[in-house]
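By convention in this document, chain letters (A, B, ...) are assigned in the order of the sequence lines, proteins followed by strands, and residues within each chain are numbered from 1.
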Number of protein chains: 2
Amino acid sequence: MLEAVKFGLNKEFRDRFQQALNEHDNTFILQSLEGVNAADITSLLYEFNSVESKYVLDMLSLGIRAEIISALDSDTRGGFLKTYAPEELIAIVDQLDSDDAADILNELPIKVREEILVGLDSVLRSRVIDLLRYDENVAGGLMAKELITARVNWTVVQCIEEIRKQVENVSRFYAVYVVDDQYKLLGRVHLQKLILTDSSTLVKDIYDPELISVQTHLEDTEVASIMRKYDLESVPVVNVYNQLVGRITVDDVLDVITEQADEERQLMSGISEDVEEADSLWRLTRARLPWLLIGIMGGLISVQFIGAFAVDLMRVTAIAFFIPLIQATGGNVGIQSSTIVVQSLANPGFVEERLWGRLRRVFAVALLNGFLLSLIVFLVNLLVGGENQRLFIVVSIALFTVVLIASLVGTLTPLILNKFGFNPALASGPFITTTNDLLGLGVYFLTIHLFL
Amino acid sequence: MLEAVKFGLNKEFRDRFQQALNEHDNTFILQSLEGVNAADITSLLYEFNSVESKYVLDMLSLGIRAEIISALDSDTRGGFLKTYAPEELIAIVDQLDSDDAADILNELPIKVREEILVGLDSVLRSRVIDLLRYDENVAGGLMAKELITARVNWTVVQCIEEIRKQVENVSRFYAVYVVDDQYKLLGRVHLQKLILTDSSTLVKDIYDPELISVQTHLEDTEVASIMRKYDLESVPVVNVYNQLVGRITVDDVLDVITEQADEERQLMSGISEDVEEADSLWRLTRARLPWLLIGIMGGLISVQFIGAFAVDLMRVTAIAFFIPLIQATGGNVGIQSSTIVVQSLANPGFVEERLWGRLRRVFAVALLNGFLLSLIVFLVNLLVGGENQRLFIVVSIALFTVVLIASLVGTLTPLILNKFGFNPALASGPFITTTNDLLGLGVYFLTIHLFL
């Protein structure tokens with residue numbers, strides 16, 4: 001039995017494997033990978049380049065090769081598949097379920113895709129063509145067409161016969177879907193029930209009609225929410241006529257959820273691509289620089305802006321002391337506000353919050369927080385000393401106003417982004433924080449100009 | 001058949017339901033909830049208070065009541081369960097699987113917990129007691145003890161008999177675990193295989209020994225990674241002697257992953273509790289204020305710090321213009337660096353990155369980015385005009401240095417936090433950004449003092 005964490009994947013093994021690759025020591029390579037789970041081989045191959053990986057893969061059985069290629073992330077896979085000739089690709093794709101096959105074909109250049117389609121087994125081909133029309137981020141794009149279905153007027157014996165026929169084609173199934181003559185979804189029968197039921201019983205007497213299903217156009221994050229909410233390990237997909245067209249298993253949804261978390265993290269920190277630490281210098285710079293430039297731009301605008309108030313600054317130098325305080329507070333308040341909204345959009349409650357009620361509550365919290373913060377700052381300033389009490393009052397007024405404005409902007413921005421179809425986590429990213437900084441500066445110097 | 005998104009949960013229904021509650025219209029309440037999935041009723045009840053929810057729950061069957069209470073999030077449930085007497089709680093907990101029962105008991109005061117334990121069915125009691133000793137964030141704390149096991153020397157018929165005996169107790173199972181006489185885990189048999197195999201066949205001839213398992217002490221996030229990597233819908237849990245002690249199903253892991261994403265989001269934005277928009281004014285303020293105060297503290301330190309350079313400021317007012325530029329850049333670079341590290345810690349690769357190699361690469365990227373940014377800023381400053389070329393050079397030197405320092409601090413901080421058992425996402429939160437701001441200011445004014 002394999003204990004996942006005990007498999008010998010460590011630095012020593014990797015170096016030994018590298019040596020074996022360099023020396024073309026095929027015996028070692030094959031022996032060390034004998035019986036190893038495809039997911040573990042995939043992890044191993046991430047440590048080597050495309051040429052070395054292809055070398056290893058070509059030594060393994062076709063089934064394992066297909067599993068590994070299917071498990072690669074799409075960025076890595078894109079470059080890697082270029083090293084394969086179309087005939088090799090046909091053999092690989094032919095091994096896969098329709099959803100994995102469609103994913104890979106969607107990543108290939110159209111010409112290669114058409115070449116492969118022509119060469120596939122005809123059943124798989126028609127299923128894949130059916131799936132290719134869906135965006136990758138809707139239920140239709142997640143689903144596989146491999147299913148085990150039973151007509152409602154069958155007996156348990158016929159059911160089991162169907163399972164016997166299909167078991168080679170359908171991996172990991174837990175239930176048989178029950179359909180009528182027009183292939184409309186009626187319910188399902190769990191395997192555990194089939195196993196315990198007398199063979200002559202009719203399906204229609206034992207199936208469970210209480211069945212959650214999703215339509216092909218439902219967004220992947222919605223599918224994930226539904227599977228999470230109802231604790232489902234798989235969910236059937238239907239078309240607009242309620243006919244059964246496919247099935248989504250929970251492992252695909254786990255990937256959706258994790259990718260969603262990664263994407264949000266990147267948006268919040270202003271990294272424009274899915275980079276990893278191990279990527280090239282050029283790739284890391286290309287992903288990070290655009291957003292840093294936006295911050296720089298905002299900073300340069302600030303230079304001109306503050307410059308316009310040079311006279312005030314020369315008159316009261318202490319004005320400059322409080323710039324970081326005002327900006328940092330505006331930034332923190334803004335990020336907190338947008339995060340609360342992003343979280344609530346990610347875990348939708350039952351009834352949509354009315355905008356007005358939401359803003360009213362945000363405003364109340366901002367008033368309270370703003371008041372407390374400005375008071376504390378005023379008192380500390382007095383305590384620490386300094387001649388300019390009037391400046392202290394102005395600073396506190398500006399701080400209070402900044403808290404109010406940052407709260408409102410921080411709350412509205414993700415809502416607006418979401419409304420227009422953008423990822424609301426963008427609101428916590430550098431574009432918005434830069435805008436917040438400028439607003440904070442604007443409020444501060446305006447207040448100074450008015451009151452000092 | 002129920003289509004999840006079509007169930008009548010909307011504003012009109014909620015208002016109608018509220019009215020029914022006010023009028024104690026039990027007929028309407030029972031009718032409208034007839035046949036509704038427990039997860040949907042749970043969503044509905046979040047809209048009402050504890051008294052109203054208890055009123056509804058007490059009308060429903062004990063089984064549904066237990067399911068709903070089990071589905072509540074622990075914050076809500078804590079307050080809600082106080083409205084139940086111990087005898088009522090015993091009846092509810094008795095309905096649950098051992099993992100859900102243990103979760104609830106862990107949330108109750110010890111006295112209540114012991115009262116309930118005494119009253120439980122004896123089999124459930126011993127299972128729950130077994131589980132209570134585990135922290136909630138390890139495999140032992142996630143697992144349920146309800147399993148279907150078969151001895152390796154059984155026949156398929158005996159297997160099916162065991163399933164028949166246990167099917168009431170074990171929800172959602174897909175395979176039978178195979179153990180030896182000491183209850184050590186040997187492998188498993190999928191239901192689909194059992195269904196198709198001749199009844200006289202021996203289990204030992206059909207079971208699959210290639211089985212991933214986890215030990216009781218494994219962290220929940222590790223368990224989630226493993227289930228995701230190997231596409232598992234459930235994983236058996238073993239003790240140090242490799243004896244089978246429990247099972248974790250994928251729905252629990254989905255919850256772990258989502259909670260992890262929520263926690264990270266909160267740490268990055270400085271919200272100290274799991275608050276939602278709908279929480280009270282006091283609760284929202286209490287969650288947000290501490291971190292805002294940290295930012296304020298940093299801001300007040302900046303006031304003193306910049307104040308110490310008042311002489312330089314009066315001499316060259318333009319110094320103040322560039323404060324936001326320097327700080328914002330340091331902040332953005334810092335957050336990007338820490339995010340890349342956090343992401344790589346969340347999706348661990350195969351071989352641990354060596355610290356030195358990591359820092360070297362980070363330094364190279366920082367050099368490149370820092371150089372490009374300082375050059376761009378210098379050129380723009382020249383272009384826009386202004387007399388003080390010397391200041392422009394100083395600004396660019398400071399910017400370059402800030403990028404380097406922020407990159408290194410941003411990379412090291414999550415690594416250090418992770419090493420000491422803290423959530424590395426803390427590095428993107430207000431505490432670290434405030435420290436980064438102060439560092440940026442320090443570098444800027446030091447450079448000014450040295451070169452201007």
*Asks:* Could you measure the distance from the CZ atom of B:F173 to the NE2 atom of A:H190? Nearest 0.5 Å is fine.
*Replies:*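 Between B:F173 CZ and A:H190 NE2, I get 10.0 Å after rounding to 0.5 Å.
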
*Asks:* Working to the nearest 0.5 angstrom, can you tell me the gap between B:I160 CD1 and A:I195 CD1?
*Replies:*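 It comes to 5.0 Å.
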
*Asks:* If you round to the nearest 0.5 Å, how far is CG of A:L313 from CG of B:L313?
*Replies:*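 One gets 8.0 Å once the value is rounded to the nearest 0.5 Å.
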
*Asks:* Is there a donor in the side chain of A:K229 and an acceptor in the side chain of B:S43, or the other way round, less than 3.5 Å apart?
*Replies:*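 Note: A:K229 and B:S43 side chains meet the donor-acceptor criterion.
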
*Asks:* Measuring from A:Q343:CD to B:Q266:CD, what's the distance to the nearest 0.5 Å?
*Replies:*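 With rounding to 0.5 Å, CD (A:Q343) is 5.0 Å from CD (B:Q266).
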
*Asks:* Taking atom OG of B:S234 and atom CD of A:E233, what is their separation to the nearest 0.5 Å?
*Replies:*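 These two atoms lie 9.5 Å from each other.
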
*Asks:* Considering only residues two or more places apart or on different chains, which pairs with a residue in residues 324-336 of chain A satisfy side chain to side chain donor-acceptor pair (under 3.5 Å)?
*Replies:*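 Checked against side chain to side chain donor-acceptor pair (under 3.5 Å) - neighbours excluded - the pairs reaching residues 324-336 of chain A are A:Q336-B:R288.
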
*Asks:* Shortest non-hydrogen contact from A:A320 to B:I323?
*Replies:*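 In this case the closest contact between A:A320 and B:I323 is O-CD1, 4.2 Å.
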
*Asks:* With a 3.5 Å cut-off and sequence neighbours excluded, list the donor-acceptor pairs that the side chains of residues 293-308 of chain B form with protein atoms.
*Replies:*
| from | atom 1 | to | atom 2 | distance (Å) |
| --- | --- | --- | --- | --- |
| B:S302 | OG | B:G298 | O | 2.8 |

*Asks:* Between atom CD1 of A:I212 and atom CG of B:D40, what is the distance when rounded to the nearest 0.5 Å?
*Replies:*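 CG of B:D40 is found 6.5 Å from CD1 of A:I212.
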
*Asks:* So, A:R228 and B:D255, do they make that salt bridge, N to O below 4.0 Å?
*Replies:*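 B:D255 and A:R228: salt-bridged.
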
*Asks:* Please give me the minimum heavy-atom distance between B:T317 and A:A310, naming the atom from each residue.
*Replies:*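 In terms of heavy atoms, the two residues are closest at CG2-O, 4.1 Å.
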
